[in-house]
**Q** 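Quick one: structure below, then a few questions.
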Number of protein chains: 2
Amino acid sequence: MHGGVHIISNVQPLRHATVDGIAARRCAAGLLASVPAVMRFIRQEMRAHRQAQLSVPQFRALVFVSLSDEPSLSAMAEHLGLSLPAASRLVDLLVKRGLMGRRVDVADRRRVSLSLTARGRATCRRARRATQAALARRFERLSAQDLALVSRALGILGHAFAAGGGRAETVE
Amino acid sequence: MHGGVHIISNVQPLRHATVDGIAARRCAAGLLASVPAVMRFIRQEMRAHRQAQLSVPQFRALVFVSLSDEPSLSAMAEHLGLSLPAASRLVDLLVKRGLMGRRVDVADRRRVSLSLTARGRATCRRARRATQAALARRFERLSAQDLALVSRALGILGHAFAAGGGRAETVE
DNA sequence: TATTGTTATACTCTATAACTATA
DNA sequence: TATAGTTATAGAGTATAACAATA
């Protein structure tokens with residue numbers, strides 16, 4: 001919208017068509033076409049693995065807590081892009097399943113501190129391994145070049161879309 | 001697991017560690033880290049836009065029907081990776097909202113033919129435009145090089161994860 | 001009064017099981 | 001009997017609104 005100013009004329013002229021604008025729109029279309037399909041694959045893998053049996057939000061919650069130091073519920077909600085009630089319900093389930101601990105913060109009794117149980121850590125690790133293995137199997141058809149390209153692109157994407165537009169959590 | 005055979009020794013040795021295996025695992029980890037965040041962004045954008053107000057599955061259903069020729073419910077379910085009941089419910093909603101048409105196939109009365117209403121086509125188009133614009137805004141911070149790289153990677157990803165591992169639908 | 005959570009309510013997504021209708 | 005869908009049921013994800021507790 002405000003990056004470059006060169007108009008390309010051998011491409012369909014779009015509103016506000018600039019070099020960057022066109023490339024950005026192409027990326028946006030690609031994302032819309034491919035991300036839901038990948039997500040569906042991830043979800044099905046997560047749910048399929050017998051021992052772990054996690055939904056994607058559950059898994060993400062476990063990962064976040066495992067990488068943080070006794071985070072509050074709000075911190076988790078913000079990181080995952082969830083409303084506070086949604087986060088609260090999510091934690092309910094994980095606590096009920098014995099994967100997460102929740103206790104009132106002694107310093108500020110409004111806050112809640114989240115932590116993983118030993119079982120939570122193990123489950124998280126198993127789910128990650130199984131899902132990564134399934135994803136990796138799909139990737140093994142690709143050439144080394146394509147893999148390198150995808151790997152770099154994912155880093156860029158993760159950075160651009162991390163909660164708040166800031167840092168990307170790196171899983172493993 | 002069965003691609004290359006060279007063992008790399010200056011990288012942490014993983015089980016079955018091959019050139020391809022390691023790169024594939026790196027991609028898998030990247031996907032797990034970035035795709036859910038991107039998905040969340042897409043979902044929030046889809047739901048935020050006043051006129052359209054579609055969930056991601058609803059949008060995907062509209063896109064699929066718009067690109068197919070009076071597809072059956074089963075075809076849609078398979079393409080979207082949904083169970084038949086889930087697809088049926090999804091269509092219920094879209095029909096009730098006046099976005100999709102559903103009629104019994106005269107040739108085989110067990111089948112159902114799906115189509116978009118004029119309003120469905122318009123809604124689909126609006127939702128796509130609004131969401132792509134929001135995504136593109138995120139992308140405009142990136143350099144032209146990064147955009148090109150991401151664009152190519154998304155093509156590869158879409159292909160690798162299209163339903164059945166086959167073709168990827170291209171949205172616009 | 002502002003912040004942190006939880007509860008209440010309502011919808012959507014999704015699966016499995018049981019069923020209906022058609023071929 | 002096999003195929004295409006629907007209905008029944010259940011649980012998870014998610015939001016907004018209303019509430020409670022603490023600072």
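Lettering follows sequence order; numbering is per chain, from 1.
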**Q** Rounded to whole Å, how long is the line connecting atom CZ of B:R60 with atom C1' of C:dT14?
**A**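 The distance from CZ of B:R60 to C1' of C:dT14 comes to 14 Å, rounded to the nearest Å.
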**Q** Using a cut-off of less than 4.0 Å, is there contact between a side-chain N or O of B:S83 and OP1 or OP2 of C:dT14?
**A** no
**Q** What is the distance, rounded to the nearest whole Å, between atom CD of B:Q44 and atom C1' of D:dT16?
**A**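 Distance, rounded to whole Å: 14 Å.
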**Q** Please report, rounded to the nearest Å, how far the P atom of C:dT12 is from the CG atom of B:L54.
**A**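 Interatomic distance, CG of B:L54 to P of C:dT12: 12 Å.
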**Q** Rounding to an integer number of Å, can you tell me how far A:L80 CG sits from D:dA15 P?
**A**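 Checked: the CG to P distance equals 11 Å.
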**Q** Nearest to the side chain of A:P85, which nucleotide is it out of C:dA17, D:dA12, D:dT16?
**A**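 Ranking C:dA17, D:dA12, D:dT16 by closest atom to the A:P85 side chain puts D:dT16 first.
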**Q** Nearest of C:dA15, D:dG13, D:dA23 to any side-chain atom of A:Q58?
**A**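 Of C:dA15, D:dG13, D:dA23, D:dG13 is nearest to the side chain of A:Q58.
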**Q** Please report the distance, rounded to the nearest Å, between CG in B:L90 and C1' in C:dA15.
**A** 14 Å
**Q** Does one side chain, of A:E45 or A:H49, offer a donor that lies under 3.5 Å from an acceptor on the other?
**A** yes
**Q** Heavy atoms under 4.0 Å, any strand shown: does A:D92 hit a base, just sugar-phosphate, or nothing?
**A** nothing
**Q** Just N and O in the side chain of A:R89: are any of them under 4.0 Å from OP1 or OP2 of D:dG11?
**A**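 A:R89 to D:dG11 OP1/OP2: no side-chain N or O under 4.0 Å.
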**Q** Atom CG of B:L84 to atom P of C:dT20: distance rounded to whole Å?
**A** 17 Å
**Q** If I take atom OG1 from residue A:T131 and atom CZ from residue A:R43, how far apart are they, to the nearest 0.5 angstrom?
**A**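 Taking OG1 in A:T131 and CZ in A:R43, the distance rounds to 12.5 Å.
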**Q** Of B:A86 and A:S88, whose closest DNA chain C nucleotide lies nearer the 5' terminus?
**A**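 Its nucleotide being nearer the 5' end, the pick is A:S88.
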**Q** Over all strands shown, is A:S55 touching base, sugar-phosphate only, or nothing at heavy-atom distances under 4.0 angstrom?
**A** sugar-phosphate
**Q** Hey, is the side chain of A:R102 poking within less than 4.0 Å of OP1 or OP2 on C:dT4, counting only N and O atoms?
**A**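 The answer is no; no side-chain N or O of A:R102 sits under 4.0 Å from OP1 or OP2.
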**Q** Less than 4.5 Å apart, any side-chain heavy atom of B:P57 and any of B:L82?
**A**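 Heavy-atom side-chain distance check fails, nothing below 4.5 Å.
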**Q** Could you state the CE-P distance from B:M76 to C:dC13, rounded to the nearest angstrom?
**A** 10 Å
**Q** Could you state the CG-P distance from B:L94 to C:dC11, rounded to the nearest angstrom?
**A** 17 Å
**Q** Could you tell me whether A:S74 contacts a base, only the sugar-phosphate backbone, or nothing, with contacts defined as non-hydrogen atoms closer than 4.0 Å?
**A**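 Sugar-phosphate contact only.
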**Q** Of all the nucleotides listed (C:dA15, D:dA4, C:dG5), which has the minimum atom distance to the side chain of A:L73?
**A**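 Of the candidates, C:dG5 comes closest.
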**Q** Tell me which of A:S113 and A:R47 sits closer to the 5' end of DNA chain C, going by the nucleotide each one is nearest to.
**A**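 The residue whose closest nucleotide sits nearer the 5' end is A:S113.
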**Q** Quick one: label B:R43 by what it contacts on the DNA or RNA (base, sugar-phosphate, nothing), any heavy atom closer than 4.0 Å.
**A**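 Sugar-phosphate, no base atom in range.
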**Q** Just compare D:dA4, D:dG13, D:dT22 and give me whichever is closest to any side-chain atom of A:R109.
**A** D:dT22
**Q** Decide, yes or no, whether a salt bridge links B:D105 with B:R110 under the criterion of side-chain N to carboxylate O below 4.0 Å.
**A** no
**Q** In terms of relative ring orientation, are A:F139 and B:F161 parallel, tilted or perpendicular, with 30° and 60° separating the classes?
**A** perpendicular
**Q** Take A:P57 and A:V106, find for each the nucleotide of DNA chain D with the closest heavy atom, and name the residue whose nucleotide sits nearer the 5' end.
**A** A:P57
**Q** Kindly compute the distance separating CG (A:L94) from CE (A:M100), expressed to the nearest 0.5 Å.
**A**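 Separation between the atoms: 5.0 Å.
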**Q** Using only heavy-atom distances, decide whether a donor-acceptor pair under 3.5 angstrom links the side-chain of B:R110 to the base of D:dT3.
**A**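 By the distance-only test, yes, there is a pair.
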